[in-house]
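Notes for the one structure printed next.
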Amino acid sequence: MSSSIRTFHLDRAGTATGPAALAAKAGRTVSVCIPCRDEAATIGPLVTTIRDELVEAAGFVDELIVLDDRSTDDTATVAAHAGARVVSIDDVHASYGAGRGKGNALWASLLVSSGDVVVWCDGDVTSLEPEWIQKLALPILTDETVALVKALYDRPTSDGGGGRTTELVARPMLSRWFPELAEVAQPLAGEYAVRRSVVERLTFEQGWGVEVGLLIDVARTCGVDAVGQVDLGSRLHRHRSLQSLSVQAAEVMATILDRAGHSDDRSGAPDLVRADGSSVPLNVERRRPIASLRAAS
């Protein structure tokens, strides 16, 4: 099947940075939201770079939020000192009920932010360039048909590689049930931009299935041509063990199967059973669309 996934190539000196990028906003606002749990070692430089280069110098980012997901280290203190507005997940839970998982943190960050375009970034990235944020947001700012832009990047094998869940689970399953999305290079990328008016109408998987769930749902809601990707070069981040990735893989698999209409295939408790007989509960809970919460209030 031919793909309608658009890849945007934005040069560094022209459309991607400087006055041209600022002009593209045309009065609209951009929020950068970083969901974090125990990222004190990396969140400081990440926030400082975005604040110095994109908030203060360029004026491109209007809001910089770190969503602290019950960190046990100094993540919140470090992020606040570096210049981010820090929001505790517990404050969101106090108003909207408890949840858990990365998707829950992303949903909460969308709820407490206000930008017309929201750019999400993982808190463990160590190779971020300021132009990443602009490159992710610009296709949405310059084309009203674009609703989601995923990062496309290399993960150098000399530094541990990456994308194991993508290549072993997400891409094979997308190729089988959603072939129109199989050409998205990094369907599980934590760096991506969304159009608020679209994603506020969508449910959020609370666990690791959130990225692929949003990808499928945006394509279903707005058409495959509403999904794009942009080349950001190389990405370095903290790598997870295979044992921890197995939970991520199982939740991604459950999400794709659900979107493909096979949710009844999951019988009994949604657990991942390990070889030693132990089991890990999978997080397949969801958060309601934020638009429905606003309508009810």
Side-chain angles (χ1 to χ4, degrees), residues 30-55 61 63-93 99-113 115 117-137 149-151 153 155 159-160 162-163 165-166 186 188-194 204-211 214 232-241 244-245 247-248 251 283 287:
V30 175
S31 298
V32 174
C33 296
I34 308 174
C36 281
R37 175 181 287 182
D38 297 335
E39 303 292 1
T42 54
I43 191 61
L46 187 61
V47 168
T48 297
T49 296
I50 297 171
R51 182 205 65 198
D52 289 353
E53 300 295 332
L54 297 176
V55 177
V61 171
E63 187 175 45
L64 174 55
I65 295 175
V66 167
L67 197 290
D68 183 38
D69 189 10
R70 292 160 291 195
S71 295
T72 59
D73 64 7
D74 293 330
T75 292
T77 301
V78 172
H81 182 74
R85 172 188 163 205
V86 178
V87 178
S88 169
I89 193 72
D90 291 331
D91 292 338
V92 177
H93 289 170
R100 65 185 179 92
K102 182 181 183 182
N104 179 63
L106 289 172
W107 179 87
S109 71
L110 183 65
L111 185 67
V112 302
S113 63
V117 177
V118 177
V119 181
W120 279 308
C121 180
D122 284 344
D124 63 349
V125 175
T126 58
S127 57
L128 179 132
E129 297 288 340
E131 66 178 46
W132 284 15
I133 306 300
Q134 293 164 305
K135 285 184 174 183
L136 288 166
V149 179
K150 300 290 288 188
Y153 37 59
R155 289 172 162 177
D159 290 293
T165 304
T166 291
Q186 298 290 344
L188 307 183
E191 288 68 53
Y192 55 112
V194 295
F204 274 59
E205 301 291 327
Q206 288 195 35
W208 291 110
V210 62
E211 270 95 16
L214 288 175
L232 301 183
S234 295
R235 181 187 194 273
L236 301 179
H237 66 114
R238 174 171 46 83
H239 296 285
R240 302 181 185 275
S241 67
S244 65
L245 283 179
V247 176
Q248 181 188 61
E251 292 181 5
N283 186 356
R287 281 293 197 177

Is [Y] close to [X] at the side-chain level, that is, under 4.5 Å between some pair of heavy atoms?
X	Y	result
L64	I34	yes
E191	Q186	no
L110	W120	yes
W107	V92	yes
N104	R287	yes
H93	R70	yes
L232	E129	no
L128	I133	yes

Quiz item: What residues form a salt bridge (charged side-chain N to carboxylate O under 4.0 Å, His left out) with E63, not counting sequence neighbours?
Solution: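 So E63 forms a salt bridge (charged side-chain N to carboxylate O under 4.0 Å, His left out) with R85.
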
Quiz item: Between V78 and H81, is a side chain to side chain contact (heavy atoms under 4.5 Å, CB included) present by the stated rule, with each step listed?
Solution: CA-CA 5 Å; V78 172; H81 182 74; 5.8 Å; no

Exercise. Would you please test V32 and L54 for side chain to side chain contact (heavy atoms under 4.5 Å, CB included) and show each step?
Key: CA-CA 10 Å; V32 174; L54 297 176; 5.7 Å; no

Practice problem: Measure the spacing between NZ of K150 and CG of L188 and express it to the nearest 0.5 Å. | Solution: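 Here the rounded value is 7.0 Å.
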
